[in-house]
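Below is one structure, written out as structure tokens; the observations come after it.
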Amino acid sequence: MSETPRLTPQTVAVIRALLTTPADPRWGRDIARETGLKSGTLHPILARLEQAGWVESHWEDPAEHEDQGRPRRRYYQFAPGGAETARLALAETSARTRGTSTAGRLRPHPGY
């Protein structure tokens with residue numbers, strides 16, 4: 001796996017959506033519905049996660065969408081080891097965020 005992608009709040013939302021069923025492929029519109037992200041935000045995030053080696057994608061078999069008369073779907077799921085890498089990165093980011101937010105709130109009392 002390559003370097004860790006930038007974990008923006010939107011990226012974290014996508015990772016959490018994928019972690020709800022880490023072994024199952026999810027298509028873009030399904031992830032968009034769950035996260036509330038627009039396609040123009042979602043797909044670049046998925047591309048970065050794929051480039052980092054956390055996520056893999058594949059197009060569905062043409063017969064599946066042609067029979068249903070709809071556009072072809074691209075499915076995303078964690079690559080081998082990707083879910084664990086994502087969980088660890090989220091935990092690290094969460095711990096770092098808690099540490100900085102707590103430190104930022106501690107202020108000496110003016111009377112001391």
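These numbers come from a predicted model, not from an experiment.
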*By side chain to side chain contact (heavy atoms under 4.5 Å, CB included), which residues pair with Gln10, not counting sequence neighbours?*
Thr8, Leu37, Thr41, Ile45

*Not counting sequence neighbours, which residues clear side chain to side chain contact (heavy atoms under 4.5 Å, CB included) with Pro62? List them please.*
His65, Glu66, Arg72

*In Å and rounded to the nearest 0.5 Å, what is the CD to CH2 distance from Glu84 to Trp54?*
11.0 Å

*Tell me, which pairs form a salt bridge (Lys or Arg N to Asp or Glu O under 4.0 Å) where one or both residues lie in residues 35-59, sequence neighbours left out?*
Glu50-Arg74

*Could you check Arg73 against Arg29 for side-chain contact (heavy atoms from CB on, under 4.5 Å), going step by step and ending with a plain yes or no?*
CA-CA 9 Å; Arg73 293 178 180 165; Arg29 186 177 234 159; over 6 Å; no

*Which residues pass the side-chain hydrogen bond (donor to acceptor under 3.5 Å, both in side chains) test with Glu60, sequence neighbours left out?*
Arg70

*Partner set under side-chain hydrogen bond (donor to acceptor under 3.5 Å, both in side chains) for Arg33, not counting sequence neighbours*: none

*Under 4.5 Å side-chain linkage, directly or through intermediates, the cluster mates of Trp27*: Tyr75

For a quick test of reading the model, state the closest non-hydrogen atom pair linking [X] to [Y] and the distance between them.
X     : Y     : value
Phe78 : Ala86 : CE2-CB, 3.8 Å
Gly28 : Leu42 : O-CD2, 3.2 Å
Ala52 : Pro5  : CB-CD, 3.8 Å

Scan the side chains in residues 13-23 for donor-acceptor partners under 3.5 Å anywhere in the protein, sequence neighbours excluded, and list what turns up.
residue, atom, partner, partner atom, Å
Thr20, OG1, Ala17, O, 2.6
Thr20, OG1, Arg26, NH1, 3.1

*Would you check if the side chain of Thr35 reaches a backbone N or O of Ile31 as a donor-acceptor pair within less than 3.5 Å?*
yes

